[in-house]
Engineer: 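Pasting in a structure now, in structure tokens, and then I'll have a few things to ask.
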Amino acid sequence: MNINLTLIGQLISFLFFIWFCKQFVWTAIIGAMEERQKKIADGLDAADRASRDLELAQEKAVAQLKEAKQAAAAVIEQANKRANQIVDEAKGLARAEGDRLKVAAQAEIEQEVNRAKEELRHSVATLALAGAEKILQANIDESVNRKLVDNLAAQL
Amino acid sequence: MAGETQQTGSEYIQHHLTNLTFGQTDHGWGFAHNAQEAAEMGFMAVNVDSLCWSIGLGLVFSLLFRWAAKRATSGIPTGFQNFVEMIVEFVDGTVKDSFHGRNPWIAPMALTIFVWVFLMNLMDLIPVDVIPYLLSFAGVHFQKIVPSTDPNITLGMALAVFGMILYYSIKVKGIGGFVGELALQPFGAKNPVIQAAFIPINLTLEIVGLLAKPFSLGLRLFGNMYAGEMIFILIAMMYGGGLLLGAFGGVLQLGWAIFHILIITLQAFIFMVLTVVYLSMAHEDH
């Protein structure tokens, strides 16, 4: 238990070890720990942000779905309307076509009637002439009589 | 008693409390052959065992922690790195609690003190006879393996702390501020004449207080470790007293060693905290 140079030796080695610790140990370890702390904090932040983003995205998805449904409903409605319109149009066209056909048929019928009348008139005239010829049994100037009979037929 | 049955009890204790001292003997430079010769060497001698164990343990601390520091990354820490980071964080927290200035040297110093002093104290748990007995075959006759039971070691560290207290006091407060702190406290007066009369009293009180810091710091550690070592030596003496006494001694040694784990950790922690507190006081500017 004598105080001697050991004291000085210990003092110097103490200072050396402090210097060594600061220079080569403390800075590196504390640096790594702080960096890790920051990393973890960043990670937690990112996780928070991600969950918030997820929530937002879900909300957005729901909104978009709703919008899409609305759009689809609008499209269907429009399509229905259009279909009705097309059916109406088709009905209109069909009716017009029917009318036209009816008119054409009537016209043809009238024409046929006229022609039949004409033919009938003609036949009547011929018949009348033949009859008259037979009745009179005389030579009559056929062309004069013809005119006469034609006039008669026209008045029928 | 490790085979030295011819020794008496007091010789055994004396033997265990003698350092391996290198210095100038009557026959030139060499190792002291007994405690008296070691004492006669005076200041110009070195306790080779204390200093070697102390520096060796300091190297163990430095290299282990350097190894951990090299591998330290911001990734997931494993194994030994976890352990080192736990200690570093503990020391860092303690320093942040008691030291409020800004000084990058304080925390590494606290870590060095804590781990180094702990390792030195830990040597106390190795049974007292093992290493001296082994070394006696190599011709080394004295060996104290616990550096902190040597007042040179503890007071050496305390003196370094004292030097730092003086350095930072003067650096932070200036010479005038530091002297003023010593001379104008704790008694002060508005009247300059009475103030002047108080100065000698203040100086006496404050200088005693200042000097008490390193001495209490060094002697506290030394006293605790010395007493613990002494009890281990006394228990070890029981092994020479027959089977029954030896078995009782074994139980006692186990009990004291378990209790001592607490003491060595606590003393290392106290040395660290007091150093930090003293330096914190040195940084405070009134």
Side-chain angles (χ1 to χ4, degrees), chain A residues 1-69 71, chain B residues 17-19 21 23 35 38-48 50-51 54-55 58-59 61-62 65-66 68-77 81 84-85 88-89 91-92 104-105 107-109 111-113 115-116 147 150-161 163-164 226:
Chain A
M1 272 203 281
N2 320 297
I3 297 297
N4 55 29
L5 276 179
T6 316
L7 185 100
I8 309 296
Q10 175 72 6
L11 199 157
I12 291 165
S13 32
F14 181 43
L15 295 178
F16 167 77
F17 285 128
I18 293 175
W19 172 80
F20 184 89
C21 180
K22 177 182 186 291
Q23 212 66 21
F24 298 110
V25 177
W26 187 265
T27 321
I29 292 181
I30 281 287
M33 284 166 72
E34 271 167 6
E35 204 181 320
R36 184 180 316 128
Q37 207 170 1
K38 198 174 159 293
K39 245 183 182 175
I40 292 173
D42 287 355
L44 289 176
D45 263 8
D48 267 2
R49 214 174 311 123
S51 71
R52 218 174 317 126
D53 281 357
L54 181 66
E55 223 167 87
L56 274 175
Q58 272 170 344
E59 266 170 36
K60 211 171 170 184
V62 167
Q64 272 179 346
L65 200 64
K66 207 165 152 191
E67 212 169 285
K69 271 182 186 163
Chain B
L17 295 181
T18 305
N19 280 110
T21 311
E40 280 166 1
M41 283 174 178
F43 189 74
M44 296 303 286
V46 178
N47 293 345
V48 178
S50 296
L51 206 55
S54 157
I55 292 174
L59 288 176
F61 154 70
S62 297
F65 274 63
R66 174 68 193 144
K70 257 188 192 163
R71 300 193 315 163
T73 61
S74 57
I76 301 165
Q81 202 197 332
V84 166
E85 284 187 6
V88 167
E89 199 160 20
V91 170
D92 196 39
W105 286 93
M109 187 200 63
L111 178 69
T112 310
I113 289 175
V115 181
W116 195 18
D150 184 346
N152 287 301
I153 297 296
T154 61
L155 286 175
M157 293 175 83
L159 268 186
V161 172
M164 281 187 266
Y226 189 77

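Just so it is clear: chains get the letters A, B, ... in the order the sequence lines come, proteins before strands, and each one is counted from 1.
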Engineer: Among B:R66, B:E89, B:K70, B:M109, which has the most heavy-atom pairs under 4.5 Å with chain A?
Structural biologist: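 Most pairs with chain A among the choices: B:R66.
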
Engineer: Under 4.5 Å, counting heavy-atom pairs only, tell me which of B:G23, B:A72, B:G58 racks up the most with chain A.
Structural biologist: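 Most heavy-atom pairs within the cutoff with chain A belong to B:G58.
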
Engineer: Quick one, A:C21 and B:F65 - any side-chain contact, counting heavy atoms below 4.5 Å?
Structural biologist: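 A:C21 does not reach B:F65 side chain to side chain.
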
Engineer: Determine whether B:M164 and B:W105 make a side-chain contact, defined as any pair of heavy atoms from C-beta on separated by less than 4.5 Å.
Structural biologist: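 The answer is no, as the side chains (C-beta and beyond) never meet within the 4.5 Å cut-off.
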
Engineer: Would you name the heavy atoms of B:N19 and B:S50 that are closest together and state the gap between them?
Structural biologist: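 Shortest heavy-atom contact: ND2-OG, 3.1 Å.
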
Engineer: Shorter than 4.5 Å, heavy atoms on both sides: which option in B:V161, B:L59, B:I76 has the most such pairs with chain A?
Structural biologist: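 Ranked by heavy-atom pairs under 4.5 Å with chain A, first place is B:L59.
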
Engineer: Could you tell me which portion of B:P104 (side chain, backbone, both or neither) has an atom closer than 4.5 angstrom to a non-hydrogen atom of chain A?
Structural biologist: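 For B:P104, the contact with chain A is made by backbone and side chain together.
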
Engineer: Top residue by heavy-atom pair count (under 4.5 Å) with chain A, among B:I55, B:V84, B:I113?
Structural biologist: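 Maximum pair count with chain A is reached by B:I55.
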
Engineer: Checking B:V115 against chain A: side chain, backbone, both or neither under 4.5 Å from a heavy atom?
Structural biologist: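 Contact with chain A: none, neither part.
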
Engineer: Below 4.5 Å from any heavy atom of chain B, which atoms of A:K39 appear? Answer side chain, backbone, both or neither.
Structural biologist: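 For A:K39, the side chain is the part near chain B, not the backbone.
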
Engineer: Could you look at A:I40 and say if it's the side chain, the backbone, both or neither that has a heavy atom under 4.5 Å from chain B?
Structural biologist: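 It is neither, since no heavy atom gets under 4.5 Å.
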
Engineer: What is the distance from atom CG of A:L54 to atom CD of A:E59, rounded to the nearest 0.5 Å?
Structural biologist: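 Reported value, rounded in 0.5 Å steps: 10.5 Å.
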
Engineer: Report yes if the side chains of A:L15 and A:L11 come closer than 4.5 Å at any heavy-atom pair, otherwise no.
Structural biologist: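 Answer yes - side chains close enough.
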
Engineer: With a 4.0 Å cut-off, would you call A:R49 and A:D53 a salt bridge?
Structural biologist: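 Here A:R49 does not pair with A:D53 in a salt bridge, since their nearest N and O are not under 4.0 Å apart.
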
Engineer: Side chain, backbone, both or neither: which part of B:T21 has a non-hydrogen atom closer than 4.5 Å to chain A?
Structural biologist: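 Only the side chain of B:T21 comes within 4.5 Å of chain A.
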
Engineer: Measuring heavy-atom distances to chain B, does A:F24 have an atom under 4.5 Å in its side chain, in its backbone, in both, or in neither?
Structural biologist: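 A:F24 touches chain B through backbone and side-chain heavy atoms alike.
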
Engineer: Output, in order, the C-alpha distance, side-chain angles, deciding distance and verdict of side-chain contact (heavy atoms from CB on, under 4.5 Å) for B:S54 and A:F14.
Structural biologist: CA-CA 9 Å; B:S54 157; A:F14 181 43; over 6 Å; no

Engineer: Could you tell me which of B:V91, B:L51, B:V48 has the largest number of non-hydrogen atom pairs under 4.5 Å with chain A?
Structural biologist: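 Highest number of heavy-atom pairs under 4.5 Å: B:L51.
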
Engineer: Go through the atoms of B:Q81 and report whether side chain, backbone, both or neither lie under 4.5 Å from a heavy atom of chain A.
Structural biologist: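 Only the side chain of B:Q81 comes within 4.5 Å of chain A.
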
Engineer: Would A:K38 and A:D42 count as a side-chain contact (heavy atoms from CB on, under 4.5 Å) here? Give the steps.
Structural biologist: CA-CA 6 Å; A:K38 198 174 159 293; A:D42 287 355; 3.5 Å; yes

Engineer: Could you state the interatomic distance from CZ (B:F61) to CZ (A:F17), rounded to the nearest 0.5 Å?
Structural biologist: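 It is 8.5 Å, given to the nearest 0.5 Å.
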
Engineer: Picking from B:T18, B:L159, B:T154, which has the most non-hydrogen pairs under 4.5 angstrom with chain A?
Structural biologist: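 Maximum pair count with chain A is reached by B:L159.
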
